[in-house]
Amino acid sequence: MKMNKTLLSTAVAVGLLSTSTVTQAAGFQLAEYSATGLGRAYAGEAAMADGADAQWRNPAMLTYLEGTQVSVGGIYVDPNIDIDGTSTTPRRTTTSNSSDFAHSAVIPNFYVSHKYNDKFALGFAAGTNYGMETDLGKDFGGANHGNEASVTTMELNLNAAYQVLESVSIGGGIRYIMAEGSFGAVSTANSLVPLPQGTALKYMEGDDTAWGWQVGTAWQINESNRLGFTYKSEVDLTLEGHANGVAFDAVAGALGSPVKSKYNGSMELALPATAELASFHQLTEKVAVHASVNWTNWSSFKELVADIPEFGPARTQDIKEENWEDNYRFAIGTTYQMTPKLALRSGIAYDTSAVSDEHRTATIPETDRTWLSIGAGYQWSEQLTLDAGFTYILAKDAKMVEADAASAPFGGNFEGEVTGSIWLVGVQANYRF
């Protein structure tokens, strides 16, 4: 698939997330990196070492994995998100709603680890940290502010870890990110401007690749207690693609430039830095408790600006004010070794929203979320372990107001409320050579 649809895509507001889904963590961030962690609501991940997937959250955990290990799996995401509200113009107020507008998806992952010697280990990881796809439809009353958005990202990691002391390991890695996305807004039946319903106001798509890095450390306090800390860098993207729609035609006309079906352009987007502090505690021979606190630097996401070189002095066009805020995630989970072969997992987590009611948009209906998770792992043989996880996410009802002056003439201001929930089911196989 051509890497050609991204937050240029947000050329108006929104969404970069990955493998087609509604957001599962804050903003357009995805937490779903393994089915093993899913069963405990991703609690304590930076201090866990179940398999090769551990390197995704903390590369230092590679030193805890013996031999050569492979983990492969996928998570099915089924969001059920609805929006109800009203669109208001000087002429009238009409009901506006869209049901089940976030698409379902499968998020795959693949990991390999190799313990080179007693102190040094290497790893490779393939997964995603961001992704989303929403489609509110062209008949949605607030479509003039945005009716569809999608983003797909894929990330490849090369990681290494070293045990510097008997109780301390450090790790790090390089990250290669591929991203594509799209965003669209169309006129509505309430448009005060004489345009047919569904006329493209702004549509943008673009893609880019970029590099990032991550570091982590693990401290084995004693045989039963461990702490882990990890940090992922910000990743800067310049999403290059094209734009079209009457909004861009108007700029071209005002400048005396040719009106085209497409205008080449780009948009800068920074995927935010993240950090995690996690702990693991083996309370008894059968019971373990793990917890974590995550931070994401969403306050770096202030605005979206398109750069269209052929517009000359007016090449930079403000697209959307975002004004997001840093968010936090709190999680606690348990593991119960029911039999030598069967482990049961559970967890609960709370994600705080990265956006206030004032800045929330229908295309990224970001809100607080509560995770309720259960899972299990079964040791099929000495080499093979099978894991499964299940999570129900309850999204807090959240209000939104979209009253952008440039978009209002094409359908009015939109005021509404988003409601919904998300089901996650994951499976994973871990093999040790």
Side-chain angles (χ1 to χ4, degrees), residues 6-7 9-10 12-19 21-33 41-42 45 57 77 79 81 83 102 128-134 145-146 149-151 153 177 179 181 183 212 230-237 267-277 292-305 319-331 349-371 393-402 404 416-422 424:
T6 255
L7 234 340
S9 117
T10 291
V12 241
V14 14
L16 185 148
L17 277 69
S18 135
T19 308
T21 347
V22 73
T23 322
Q24 306 320 318
F28 43 79
Q29 188 179 24
L30 292 173
E32 293 79 7
Y33 80 101
Y42 298 111
E45 298 307 287
R57 294 293 279 265
V77 185
I81 310 297
I83 253 186
T128 180
N129 280 312
Y130 301 92
M132 174 194 77
E133 184 174 7
T134 57
H145 298 282
S150 71
V151 175
T153 67
I177 296 93
F183 177 86
T230 187
Y231 179 88
K232 293 180 184 289
S233 72
E234 181 176 289
V235 175
D236 295 319
L237 294 166
M267 174 177 285
E268 293 186 359
L269 175 71
L271 304 183
T274 64
E276 178 178 352
L277 177 64
S292 56
V293 178
N294 296 74
W295 162 83
T296 302
N297 185 32
W298 280 119
S299 59
S300 63
F301 191 34
K302 294 297 185 186
E303 60 183 353
L304 296 165
V305 179
I319 298 302
K320 185 80 172 182
E321 291 287 334
E322 295 294 348
N323 297 314
W324 284 23
E325 306 163 353
D326 289 357
N327 99 290
Y328 296 88
R329 185 178 197 272
F330 307 93
Y350 185 75
D351 281 316
T352 64
S353 175
V355 64
S356 63
D357 291 355
E358 180 184 0
H359 299 292
R360 184 174 292 110
T361 65
T363 39
I364 302 187
E366 161 71 353
T367 182
D368 294 354
R369 291 157 302 281
T370 300
W371 293 53
I393 301 177
L394 179 62
K396 181 181 178 180
D397 296 353
K399 297 184 181 301
M400 65 181 68
V401 177
E402 297 201 66
D404 176 60
E417 184 176 51
V418 60
T419 60
S421 60
I422 305 163
L424 308 175

Next on the checklist: I want to check something: taking the side chain as every heavy atom from C-beta on, are I81 and V418 in contact at a cut-off of under 4.5 Å?
Outcome noted: yes
Next on the checklist: Under the criterion side-chain contact (heavy atoms from CB on, under 4.5 Å), I'd like the reasoning laid out for N129 against T153: C-alpha separation, chi angles, the key distance, then a yes or no.
Outcome noted: CA-CA 7 Å; N129 280 312; T153 67; 5.7 Å; no
Next on the checklist: Could you check whether any side-chain N or O of E276 sits under 3.5 Å from a backbone N or O of R57, counting only pairs where one atom can act as donor and the other as acceptor?
Outcome noted: no
Next on the checklist: Does atom CD (E325) have a neighbourhood of more than 12 heavy atoms from anything else shown, all under 6.0 Å?
Outcome noted: yes
Checklist entry - Any side-chain heavy atom of D404 sitting closer than 4.5 Å to one from H145? => result yes
Checklist entry - Looking only at atom types and distance, does a side-chain atom of E234 sit under 3.5 Å from a main-chain N or O of A270, one as donor and one as acceptor? => result no
Checklist entry - Should Q29 and T274 count as side-chain neighbours, where that means a heavy-atom distance under 4.5 Å? => result yes
Next on the checklist: Please evaluate residues I422 and V77 with respect to the criterion side-chain contact (heavy atoms from CB on, under 4.5 Å), reporting the C-alpha separation (whole Å), side-chain torsions for both, the decisive distance (0.1 Å), and the verdict.
Outcome noted: CA-CA 7 Å; I422 305 163; V77 185; 3.8 Å; yes
Checklist entry - Which word best sums up how the rings of W371 and Y42 line up, parallel for under 30°, tilted for 30 to 60°, or perpendicular for over 60°? => result perpendicular
Item to check | Side-chain touch I393/L424, heavy atoms, less than 4.5 angstrom | outcome: yes
Checklist entry - For the side chain of S300 and the backbone of P272, is there at least one donor-acceptor N/O pair under 3.5 Å apart? => result no
Item to check | Worked check of side-chain contact (heavy atoms from CB on, under 4.5 Å) between R360 and S353 | outcome: CA-CA 10 Å; R360 184 174 292 110; S353 175; 3.9 Å; yes
Checklist entry - Below 4.5 Å, heavy atoms only, C-beta onward: do M400 and T367 meet side chain to side chain? => result no
Item to check | Intermediate values then yes/no, side-chain contact (heavy atoms from CB on, under 4.5 Å), D236 and E268 | outcome: CA-CA 7 Å; D236 295 319; E268 293 186 359; over 6 Å; no
